[in-house]
Amino acid sequence: MEADMLDATFSDADTQQLLRALTSLNGRTIEQDSMLTYMQSSISEIICQAMVQSGQRRPLYPGKTPQESALLFLARFLKAKNSIATDLYAAAVRAEYEEFLNDCAVPQLLNDLMQQERDGTKTWTEWDRKRFKDLKLHFDALFENVDAQASGNLAECSQDVDL
């Protein structure tokens, strides 16, 4: 079903238009072979690294589908690994990438803590209770952000319909 959606989204005309846009640069044309060679030599390795990392980590962002989570991971990974970014920008993007990974880990951390409490395998300290409470609040905040984004997208769609 998802493959059908992708096929419907990208028609042959869209593909041809994209290819023409990619092969034309300020009136100069770039041969397809040259473009592919450039892409293979410059970005193929980092794309492969991103795909491997995504497959190994299997990130699932709270409130997002696996596909959305994978795309978010890939985008953040590629931005974090951009070798031509300034030091300041690179540091900010790496922090964003780490925050994304931490956010993906929150549900599992909460599950582990609840399991420990249920099983009685660990005596909870005040620090454990505070950490659990902070994780719950963070988890709730993640879902509030997702809900706010969804309602914002819905508002945009309704404005488009009114036009």
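Atoms considered below: every heavy atom in the structure, side chains included; atoms not considered: hydrogens, waters and symmetry mates. What you see is a predicted model, and the numbers here were worked out from it, not measured in a lab.
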Problem - Check: I46 and Q49 side chains under 4.5 Å, non-hydrogen atoms - result: yes

Exercise for the section: Measure the shortest side-chain to side-chain distance between V106 and N102 over non-hydrogen atoms and say whether it is less than 4.5 angstrom. Expected result: no

Problem - same_hphob_cluster(L101, M51) at 4.5 Å side-chain heavy-atom cutoff - result: yes

Practice task
Find out if a path of hydrophobic residues (ILVMFWY) with successive side-chain heavy-atom gaps under 4.5 Å connects L142 to Y97.
Solution key: yes

With a cut-off of 3.5 Å and sequence neighbours excluded, list every side-chain donor-acceptor pair involving residues 70-95.
residue	atom	partner	partner atom	Å
N82	OD1	I84	N	3.0
T86	OG1	Y89	N	3.2

Exercise for the section: For P107, check side-chain contact (heavy atoms from CB on, under 4.5 Å) against everything at least two apart and list the hits. Expected result: P62, F139

Practice task
Give a yes or no on whether F143 and L135 share a hydrophobic cluster (residues Ile, Leu, Val, Met, Phe, Trp, Tyr; joining criterion: side-chain heavy atoms under 4.5 Å apart).
Solution key: yes

Under 3.5 Å, which donor-acceptor pairs link side chains of residues 116-123 to any protein atom two or more places apart or in another chain?
residue	atom	partner	partner atom	Å
R118	NH1	Q115	OE1	3.0
D119	OD1	Q115	NE2	3.0
D119	OD2	Q115	NE2	3.1
K122	NZ	D128	OD1	3.1
K122	NZ	D128	OD2	3.4

Exercise for the section: Apply the salt bridge (Lys or Arg N to Asp or Glu O under 4.0 Å) test between D134 and each candidate in K130, R131, K136; give the one that qualifies. Expected result: K130

Exercise for the section: Using a cut-off of 6.0 Å, state whether more than 12 heavy atoms not belonging to R58 lie near its atom CZ. Expected result: no

